[in-house]
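These notes are about the structure you will find just below.
Every number for a ligand or one of its atoms is a count from 1 in the order of the listing.
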Amino acid sequence: MPYEFLLVDVTDRIATVTINRPDKLNALNARVLEELDEVFTEFATDRLVGAVIVTGAGRAFVAGADIAEIAANDAAGLERLSARGQAVFTRIERLPKPVIAAVNGFALGGGCELALACHLRVASEHAKFGLPEVKLGLIPGYGGTQRLPRLVGKGRALQLILTGDQVDANEAHRIGLVNALATATTLHDVARSIALQAVKNGPVALARAIAAVNEGFDQPADEAMGIEARHFGALGGTKDMAEGTSAFLAKRAPQFTGE
Ligand code: COA
């Protein structure tokens, strides 16, 4: 399906989604959000897609929600906008396949929140992360006040949220906001090699692992263990589990089918 603001390529079961609105530094207007929602809805059931890389065209990853659109809203409109952005990013976070942000430049506001919703983040030396909303008289509204503290701790998150400061790739890596560093030239290869490593694994296990982490994360430990046990148990009787374990015992590479 043709998109106005997304470029989508699928090679070797890895989909690359490039947000392509470079004249506005890939700012997330309502249309971009809708297109992200559509493409991730399709990825969930597309058997040709085993993992997803999200990146931006030009010099930005995403420089935030579209400030021109935000400015036109009253209180009810802002709340609706926040709920919509949150829902789209939660769809990304819950995709039952690994999602990697390849952060090539500015990841500010909604762009930082988009990266946070992805399962992993790789950053080039041009990446800059920040939640500058307070500089606009706003706060992060697409999950940033919740996902950032869960990822880097409350103190570090509040520092970014209250100052609106940007951090570079090295600092983002130091505080655990970024999983891996790359250069502008190697960014896509690094993201791709992580995705390729992941897609070799059993698709049902990947889906269950993502669900176990997401569902258990905010639960008390006992309940979270129960959630893990249920997902672990659900793998019993799957062809992927039979294949993975028998391939190991036969000292051969597994051929997973995702069943
Ligand atoms: N929403 C809408 N438009 C945006 C945008 C956003 N979040 N971020 C950048 N743009 C637009 C600019 O308005 C400009 O458009 P124009 O050429 O039609 O005037 C274009 O993208 C290029 O941005 P510009 O500001 O000229 O680039 P720069 O290199 O001088 O600065 C930034 C880059 C990222 C520092 C700056 O664009 C910025 O601060 N953006 C907003 C970041 C933000 O507050 N995000 C949170 C939003 S809630």
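- With salt bridges taken as basic N to acidic carboxylate O contacts below 4.0 Å, one links Glu243 and Arg252.
- A donor atom on one side chain and an acceptor atom on the other are not found under 3.5 Å apart for Thr163 and Gln159.
- Distance check for atom 43 (C) of ligand 1: a protein heavy atom is found below 4.0 Å.
- Closest non-hydrogen pair, Gly130 versus Cys112, comes out as O-CB, 3.5 Å.
- Closest protein heavy atom to atom 7 (N) of ligand 1: Ala65 O, 2.9 Å.
- A salt bridge is absent between Asp168 and Lys128; no separation between the charged side-chain nitrogens and carboxylate oxygens falls under 4.0 Å.
- Remark: ligand 1 atoms within the under-4.0 Å shell around heavy atoms of Leu136 are 44 (O), 47 (C), 48 (S).
- The nearest protein heavy atom to atom 33 (C) of ligand 1 is closer than 4.0 Å.
- For atom 36 (C) of ligand 1, the closest non-hydrogen atom on the protein side is Leu25 CD1, 4.6 Å.
- Closest non-hydrogen pair, Tyr142 versus Glu113, comes out as N-OE2, 2.8 Å.
- Side chain to side chain, Glu215 and His231 meet the donor-acceptor criterion of an N or O pair below 3.5 Å.
- No hydrogens or angles considered: a donor-acceptor pair under 3.5 Å links the side chains of Thr90 and Arg147.
- Heavy atoms only, all atoms of each residue included: Val134 and Gly164 are closest at CG2-N, 4.3 Å.
- In this structure, atom 1 (N) of ligand 1 has protein heavy atoms in its sub-4.0 angstrom surroundings.
- Taking every heavy atom of Pro132 and a limit of under 4.0 angstrom, the matching atoms of ligand 1 come to 43 (C), 44 (O), 45 (N), 46 (C).
- Not one N or O of Gly109 is nearer than 3.5 Å to an N or O of ligand 1, by distance alone.
- In this structure, Ile53 and Ile14 have side chains that are in contact, with non-hydrogen atoms separated by less than 4.5 Å.
- Atom 23 (O) of ligand 1 is flagged as protein-proximal [any protein heavy atom, distance under 4.0 Å].
- With a heavy-atom cut-off of 4.0 Å, Ala63 touches ligand 1 through backbone and side chain alike.
- Within the 4.0 Å cut-off (strictly below), no protein heavy atom is located near atom 13 (O) of ligand 1.
- Heavy-atom separations between Leu108 and ligand 1 include at least one value shorter than 4.0 Å.
- Between the side chain of Glu35 and the backbone N or O of Tyr3, no donor-acceptor pair lies under 3.5 Å.
- Within 4.0 Å of atom 29 (O) of ligand 1, at least one protein heavy atom is present.
- Counting atoms of ligand 1 from 1 in the listed order, those under 4.0 Å from a heavy atom of Asp23 are 20 (C), 21 (O).
- Residues Arg31 and Glu34 are not paired through a salt bridge, judged by the lack of any N-O separation under 4.0 Å between the basic side chain and the carboxylate.
- Only side-chain heavy atoms of Arg59 come within less than 4.0 Å of ligand 1; its backbone N, CA, C and O stay farther off.
- Note: no N/O pair closer than 3.5 Å links Gly110 and ligand 1 by distance alone.
- Considering both main-chain and side-chain atoms, Lys24 comes within under 3.5 Å of ligand 1 through a nitrogen or oxygen pair.
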